[in-house]
Amino acid sequence: MATSATNDIHRKDISTKQKALTVNLDPKIYGSFAEIGAGQDVAAHFFKAGAAAGTIAKTMSAYDMIFSDSIYGVQQARRYVSESRLISMLNHEYSLVMERLSAMRGETTTFFAFAATFAALNYHKTNDGHGWMGLRFQMEPNGDFHDVIIHVNLLDNDNNLQQQAAGILGVNLMYACFYYKDHPTVFLESLMDDLSRDRIQIDMIRFEGPGFDKIDNRLMSLHLVTLGYTDAALFGPDGKNLQPSEVLYKKHVVVVRGRFRPLINVHLDMINTGVEKFMSEPDIDRDKVTLITELTLQALKERDADDTAEIDEKDFLDRVDILCSLGQTVLISNFHQYYKLVSYLSKITKLKLGVVLGYPNLEYIFSENHYKNLPGGILQAFATLFSREVKLFIYPTLRDGEIWNSKKFSLPPHLIDLYEYLLVNNKIEDIENYNKNNLQVETDSVLEMVKANQAGWEDHMPVEVSAMIKMRNLFGYGTKNE
């Protein structure tokens with residue numbers, strides 16, 4: 001992502017203290033800080049940097065829940081450290097700043113309200129540190145407000161170190177909002193200044209407001225994954241970025257992985273029949289089932305002439321637009337191997353997971369070459385993949401006129417007993433109520449038909465998808481007829 005131009009803009013040599021001092025010395029920037037829970041270190045950086053009176057109108061720390069509720073209201077969120085709590089904080093603090101200061105200095109000031117709510121590692125180290133952080137700010141005096149909101153996982157194995165990391169990140173966010181707001185790539189890269197990816201993980205970011213109208217938050221999700229800030233990012237059918245643990249917490253999750261380039265009838269049949277099969281399991285609460293369609297970085301990368309992998313951002317958005325138009329919640333991940341995906345989801349929810357996959361991916365899963373880097377090899381991977389609350393649902397493939405499914409699966413002799421164990425223990429099951437006509441069609445063949453505008457390509461995909469392809473000239477449609 002980085003170029004020489006962005007490197008010129010991104011001042012990597014500036015320290016956290018220098019960033020805080022730069023903000024303090026800027027006469028236009030003025031506002032308040034509110035920090036709940038473990039996130040008590042952001043305002044401190046601005047005080048210690050010097051000249052804080054030029055920036056800070058008020059700081060507030062509400063560590064006790066009763067005091068916090070009396071200020072920001074009782075929240076309906078299932079967990080106290082939540083986005084809804086952060087939004088309440090931003091609403092309250094920004095309103096106070098504008099109410100009390102805009103008449104006096106609104107003509108010359110860009111006001112802000114910074115808010116954070118965090119839960120760091122507890123004394124017994126029985127929890128995972130995480131939190132929400134956001135800035136509401138003006139880009140010009142008397143202008144509209146803008147929001148940048150992030151969710152952070154704290155990875156240090158020490159409470160003090162986690163709080164220090166949150167403090168540095170808060171300064172980076174403040175600085176980026178005022179000095180990198182026109183350069184989203186630099187904005188994202190700068191959030192990790194004076195930090196490392198083994199200390200914090202940023203798995204959600206959202207830009208809102210008229211000054212950010214050219215920023216596509218779905219691309220920001222993609223960049224979080226490509227930068228290595230997180231292994232996965234999630235957004236809903238409306239394209240709005242979501243924080244995975246808030247959406248998937250205490251949910252049954254059904255995940256369907258694919259390239260979806262484009263989405264055709266066989267994909268939709270796999271999704272529908274896979275969910276139907278999962279719903280029929282006896283230990284499923286149907287009201288708690290969430291479906292996600294997953295795009296991996298590997299699925300988004302196309303090889304060019306010199307065999308270097310690049311992600312075409314327009315192509316990515318084309319695929320996402322189609323998935324979202326069909327009501328899908330989309331996960332972008334760096335989990336090339338299924339056991340890593342299951343490990344990730346199992347940390348969010350303890351309820352049963354369903355993984356829907358085509359027969360070729362069953363072959364991929366049992367290929368031992370993919371686990372050479374693990375000390376325990378395939379057994380180590382399978383201990384995670386086939387944990388107590390996970391089940392694979394296999395969608396069949398047509399090869400040489402024959403239907404291939406889990407019953408026709410052949411393995412080396414030393415893996416047969418392992419496979420039989422998984423079958424007997426109901427860890428792998430075939431999807432049987434599928435549309436056999438869909439098996440005749442391959443995605444790549446349909447894609448070539450679309451590019452060539454070959455008659456009949458619309459028959460292989462949902463009406464909504466073909467209409468969108470035609471309307472927006474997606475996947476090369478119409479290019480060969482120009």
Inset, instruction - For Lys347, look at atom NZ and say whether over 12 heavy atoms of other residues, nucleotides or ligands are found less than 6.0 Å away. - result: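 12 or below, so no.
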Donor-acceptor under 3.5 Å ([X] side chain, [Y] main chain):
X      : Y      : result
Lys427 : Arg388 : yes
Gln328 : Ser325 : no
Tyr371 : Ile365 : yes
Asn435 : Asn437 : yes
Glu189 : His10  : no
Arg199 : Leu161 : yes
Ser343 : Tyr339 : no
Gln243 : Glu83  : no
Thr349 : Lys251 : yes
Glu35  : Ala116 : no

I want to check something: taking the side chain as every heavy atom from C-beta on, are [X] and [Y] in contact at a cut-off of under 4.5 Å?
X      : Y      : result
Leu121 : Leu154 : no
Leu411 : Leu418 : no
Leu439 : Thr397 : no
Phe235 : Ile332 : yes
Val254 : Phe393 : no
Phe278 : Arg286 : no
Lys470 : Glu458 : yes
Phe187 : Ile205 : yes

Legend entry - Test salt bridge (Lys or Arg N to Asp or Glu O under 4.0 Å) applied to Asp69 and Arg85, step by step: CA-CA 9 Å; Asp69 285 344; Arg85 169 68 58 176; 2.6 Å; yes
Which atom names give the shortest non-hydrogen contact between [X] and [Y], and what distance separates them?
X      : Y      : value
Cys324 : Val330 : SG-CG2, 4.3 Å
Pro184 : Ile215 : CB-CD1, 4.0 Å
Gly167 : Asp41  : CA-CB, 3.8 Å
Ser245 : Ile348 : CA-CG2, 3.6 Å
Gly274 : Val356 : CA-CG2, 3.8 Å
Thr16  : Ile168 : OG1-CG2, 3.6 Å

Inset, instruction - Please report the C-alpha distance between Tyr364 and His336 in whole Å, then the side-chain angles of each, then the deciding distance to 0.1 Å, and finally whether the ring-ring contact (aromatic ring centres under 6.0 Å, His included) criterion is met. - result: CA-CA 11 Å; Tyr364 174 90; His336 189 48; 5.7 Å; yes
Inset, instruction - Sorted by first residue and then second, give each salt bridge (charged side-chain N to carboxylate O under 4.0 Å, His left out) pair with at least one member in residues 265-284; sequence neighbours left out. - result: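 Matches after skipping sequence neighbours: Lys277-Glu429, Glu281-Lys352, Glu281-Lys391, Asp283-Lys352.
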Nearest 0.5 Å please: distance from the [atom1] atom of [X] over to the [atom2] atom of [Y].
X      : Y      : atom1 : atom2 : answer
Ser406 : Leu392 : OG    : CG    : 10.0 Å
Asn265 : Gln440 : CG    : CD    : 13.0 Å
Glu389 : Leu345 : CD    : CG    : 13.5 Å
Glu442 : His460 : CD    : NE2   : 11.5 Å
Tyr72  : Leu86  : OH    : CG    : 10.0 Å
Ile394 : Leu362 : CD1   : CG    : 4.5 Å

Legend entry - Option among Asp128, Asn159, Asn127 that satisfies the side-chain hydrogen bond (donor to acceptor under 3.5 Å, both in side chains) test with Asn122: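 Looking at Asp128, Asn159, Asn127, the match for Asn122 under the side-chain hydrogen bond (donor to acceptor under 3.5 Å, both in side chains) is Asn127.
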Inset, instruction - State whether a side-chain donor-acceptor pair under 3.5 Å links Glu313 with His223. - result: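 Glu313 vs His223: donor-acceptor pair found between side chains.
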Inset, instruction - Would you please test Leu326 and Thr293 for side-chain contact (heavy atoms from CB on, under 4.5 Å) and show each step? - result: CA-CA 11 Å; Leu326 296 174; Thr293 49; over 6 Å; no
Aromatic ring pairing [X]/[Y], orientation class (parallel under 30°, perpendicular over 60°, tilted between):
X      : Y      : result
Tyr419 : Phe366 : perpendicular
Phe212 : Phe207 : perpendicular
Tyr359 : Phe409 : perpendicular

Under the side chain to side chain contact (heavy atoms under 4.5 Å, CB included) test, residues paired with [X] that sit two or more places apart:
X      : result
Asp459 : none
Asp400 : none
Glu208 : Asp147, Arg206
Ile469 : Pro262, Ile322, Val450, Trp457, Met461, Val465, Leu474, Phe475, Tyr477

Inset, instruction - Quick one: do Lys19 and Asn172 satisfy side-chain hydrogen bond (donor to acceptor under 3.5 Å, both in side chains)? Show the steps, please. - result: CA-CA 7 Å; Lys19 283 187 175 184; Asn172 289 342; 2.9 Å; yes
Flag the pair [X] and [Y] as a salt bridge only when some basic side-chain nitrogen lies within less than 4.0 angstrom of an acidic carboxylate oxygen.
X      : Y      : result
Arg218 : Asp321 : yes
Arg399 : Glu363 : yes
Lys125 : Asp158 : no
Arg319 : Asp312 : no

Solution key, residues 373-385 side-chain donor-acceptor pairs under 3.5 Å, sequence neighbours excluded:
{"unit_1": "Gln380", "atom_1": "OE1", "unit_2": "Gly376", "atom_2": "N", "d": "2.8"}

Legend entry - From CA spacing to verdict: side-chain hydrogen bond (donor to acceptor under 3.5 Å, both in side chains), His414, Glu368: CA-CA 11 Å; His414 66 283; Glu368 293 182 275; 2.7 Å; yes
Legend entry - Verdict with reasoning, Asp444 to Arg259, per salt bridge (Lys or Arg N to Asp or Glu O under 4.0 Å): CA-CA 10 Å; Asp444 289 342; Arg259 291 175 63 235; 3.2 Å; yes
